Amino acid sequence: MFSNKFVVEGKLAVITGGSQGLGFALAKKLVSKGANVVIISRTESKLTKCVAELKKRVEKENQFVDYIAADLSKYAECEKVREYFVAKQLYPDHLICCAGDAYPEEFIKMPVAKIDQGIDVNYKTAVYLVHAMLPLITEPVREQHLVFCSSVVAFYSYYGYSQYTPLKAAVKALSDSLRQELLPYGVKVHTVFPGNFQSEGYAEEMLTKPALTAQIEGPSPAIPADECASIVLKSLEKGKLYIFTDLIGWVIASFSLGFNPREWWFAQIFLSLIGALFGRLIDLYHESLVRKQFNSAKKQK
Ligand SMILES: NC(=O)C1=CN([C@@H]2O[C@H](COP(=O)(O)OP(=O)(O)OC[C@H]3O[C@@H](n4cnc5c(N)ncnc54)[C@H](OP(=O)(O)O)[C@@H]3O)[C@@H](O)[C@H]2O)C=CC1
Ligand SMILES: CCCCCCCCCCCCCCCC(=O)[C@@H](N)CO
């Protein structure tokens, strides 16, 4: 049995995007494990319902659950979040950035507003909040965990995700820089690369997802959010820096190992060779699907 590298009992966990999906699933598990939890998102009505639900799981006398309604894509609101903790003299032990959303659609049909939304929700909510919280992250030096939510698509961007994958790749790059920069402050930076999982956001994205996008990502069927949260927590407890929630995600990431953290590195190096040999062939196959789709649409006109 491994030693738990992600102790939560009695600790303070702050979860953005905590009002649904993976964020709320993680919040429930952390409260059940004895953590103090503050969830953050924009919609107060969702947050109050979630906190009522979380309070049912409170076991310990002095364990608390709270929420902050804030649009984290606005820096000023991230500063208000910091002030909340300063005023209460609370120093988060775990900061888990789950806020995000995808709008899968062909780029030629992409409204500019959705491009802005992708940047705001997937990138700004993470970079702004962590930046605003730096005074509480760097002082006092203590063991902390900073968890970013990227996606498998950060390793392989394909048809339909032009509004989303660039920002998930940016979250990966941001986490890679901060993993080095925050070392002296006792901060462990983890990056989660989920495969598909069922959530309110997933249901939303399925409304616009092109059939070809769904076909390409067929090897990643959507698992329940609770199952995804369990996999993430177990990986954090094992001290994993890069966290995958399905096999295909780990395989695709192994295709581009580069400077990335490894696990089962021997197998990953073998897979990186397979990726070097066949990755482009898989991409060419996907390109042939695009051409086929385009030509058959042209014939129907
Ligand atoms: N579901 C999936 O298949 C996959 C998801 N992911 C990633 O995992 C993470 C969680 O996904 P999922 O559970 O599906 O997400 P959901 O879309 O279900 O929930 C997103 C959460 O983020 C909050 N949020 C959105 N915008 C903001 C904002 N500007 N400020 C503060 N909070 C905000 C939402 O609450 P509110 O609207 O009230 O603000 C909500 O709580 C996301 O980063 C997603 O990109 C990665 C791979 C696959
Ligand atoms: C041997 C290698 C074959 C490779 C074939 C390509 C398979 C691609 C699977 C990618 C799955 C990505 C799921 C995350 C999607 C996501 O982030 C959205 N659901 C956002 O919410």
Side-chain angles (χ1 to χ4, degrees), residues 15-27 39-50 67-74 77-78 81 96-104 116-126 128-129 147-161 163-165 167-169 171-172 191-206 209 213-226 228-229 232 243-255 271 274-275 277-279 281-283 285-286 289:
I15 305 175
T16 78
S19 68
Q20 63 191 56
L22 178 60
F24 184 47
L26 285 168
I39 54 174
I40 306 175
S41 88
R42 293 164 300 186
T43 317
E44 188 139 26
S45 57
K46 284 198 267 188
L47 289 162
T48 48
K49 280 201 201 99
C50 286
Y67 74 85
I68 305 171
D71 179 347
L72 299 174
S73 68
K74 296 187 172 50
E77 299 213 19
C78 293
V81 169
I96 305 175
C97 304
C98 283
D101 88 335
Y103 181 78
D116 287 335
Q117 184 182 320
I119 295 164
D120 287 350
V121 178
N122 290 300
Y123 188 66
K124 285 186 177 178
T125 56
Y128 278 176
L129 181 66
V147 184
F148 289 97
C149 255
S150 178
S151 164
V152 172
V153 293
F155 293 99
Y156 178 42
S157 184
Y158 48 87
Y159 188 96
Y161 274 127
Q163 176 262 5
Y164 176 70
T165 54
L167 290 311
K168 286 308 188 181
V171 168
K172 171 187 177 296
T191 321
V192 184
F193 300 97
N196 283 311
F197 62 86
Q198 297 151 23
S199 68
E200 292 82 341
Y202 182 75
E204 193 70 24
E205 73 180 57
M206 291 309 284
K209 191 175 286 181
T213 308
Q215 181 185 342
I216 292 173
E217 66 183 26
S220 177
I223 60 175
D226 273 346
C228 187
V232 170
I243 293 170
F244 302 94
T245 62
D246 58 15
L247 177 65
I248 191 67
W250 179 78
V251 169
I252 290 175
S254 302
F255 277 16
L271 282 168
I274 300 291
L277 291 170
F278 302 107
L281 288 179
I282 293 164
D283 196 37
Y285 167 64
H286 292 151
L289 296 179

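Being a predicted model, the structure only gives us computed values, none of them experimental. Only this structure's heavy atoms are used, side chains among them; waters, hydrogens and symmetry mates stay out. Whatever order the structure lists ligands and atoms in, that order sets their numbers, starting from 1.
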**OP:** Using a 4.0 Å heavy-atom threshold (strictly under), name the region of Y164 that reaches ligand 2: side chain, backbone, both or neither.
**Re:** side chain
Subject >> For atom 3 (O) of ligand 1, the protein heavy atom that lies nearest, with its residue and separation >> reply: F197 N, 3.0 Å
Subject >> Contact check, A225 vs ligand 1, heavy-atom distance below 4.0 Å >> reply: no
Original post:
Which of these, Y202, Y103, Y161, has its nearest heavy atom closest to atom 18 (C) of ligand 2?
Top reply: Y161
Original post:
Which residue and non-hydrogen atom of the protein lie closest to atom 42 (C) of ligand 1, and at what distance in Å?
Top reply: C98 O, 3.1 Å
**OP:** Going by heavy-atom distance to atom 15 (O) of ligand 1, choose the closest among A126, G195, G249, G100.
**Re:** G100
**OP:** Spell out, as yes or no, whether a donor-acceptor pair under 3.5 Å connects the side chain of Q163 to the backbone of A102.
**Re:** no
Subject >> Polar contact flag for K46 and ligand 1 (N/O pairs, less than 3.5 Å) >> reply: yes
Subject >> Sequence neighbours excluded - salt bridge (charged side-chain N to carboxylate O under 4.0 Å, His left out) pairs with any residue from residues 39-48 >> reply: none
**OP:** Would you mind finding which of L129, D71, D120 brings a heavy atom closest to atom 29 (N) of ligand 1?
**Re:** D71
**OP:** Test K172 against F155 for side-chain contact (heavy atoms from CB on, under 4.5 Å), laying out the working first.
**Re:** CA-CA 9 Å; K172 171 187 177 296; F155 293 99; 3.6 Å; yes
Subject >> For atom 39 (O) of ligand 1, the protein heavy atom that lies nearest, with its residue and separation >> reply: R42 NE, 2.6 Å
Original post:
Quick check: does S151 get an N/O under 3.5 Å from an N/O on ligand 1?
Top reply: no
Original post:
Just heavy atoms, cut-off under 4.0 Å: does I252 contact ligand 2 by side chain, backbone, both, or neither?
Top reply: side chain
Original post:
Less than 3.5 Å between some nitrogen or oxygen of G21 and one of ligand 1, yes or no?
Top reply: no
Original post:
Can a non-hydrogen atom of Y164 be found less than 4.0 Å from any atom of ligand 1?
Top reply: yes
Subject >> Side chain, backbone, both or neither: E205 near ligand 2, heavy atoms under 4.0 Å >> reply: side chain
Subject >> Any donor-acceptor pair under 3.5 Å from E205 side chain to P104 backbone >> reply: no
Original post:
Quick one: which of S199, G17, G201 has a heavy atom closest to atom 14 (O) of ligand 1?
Top reply: S199
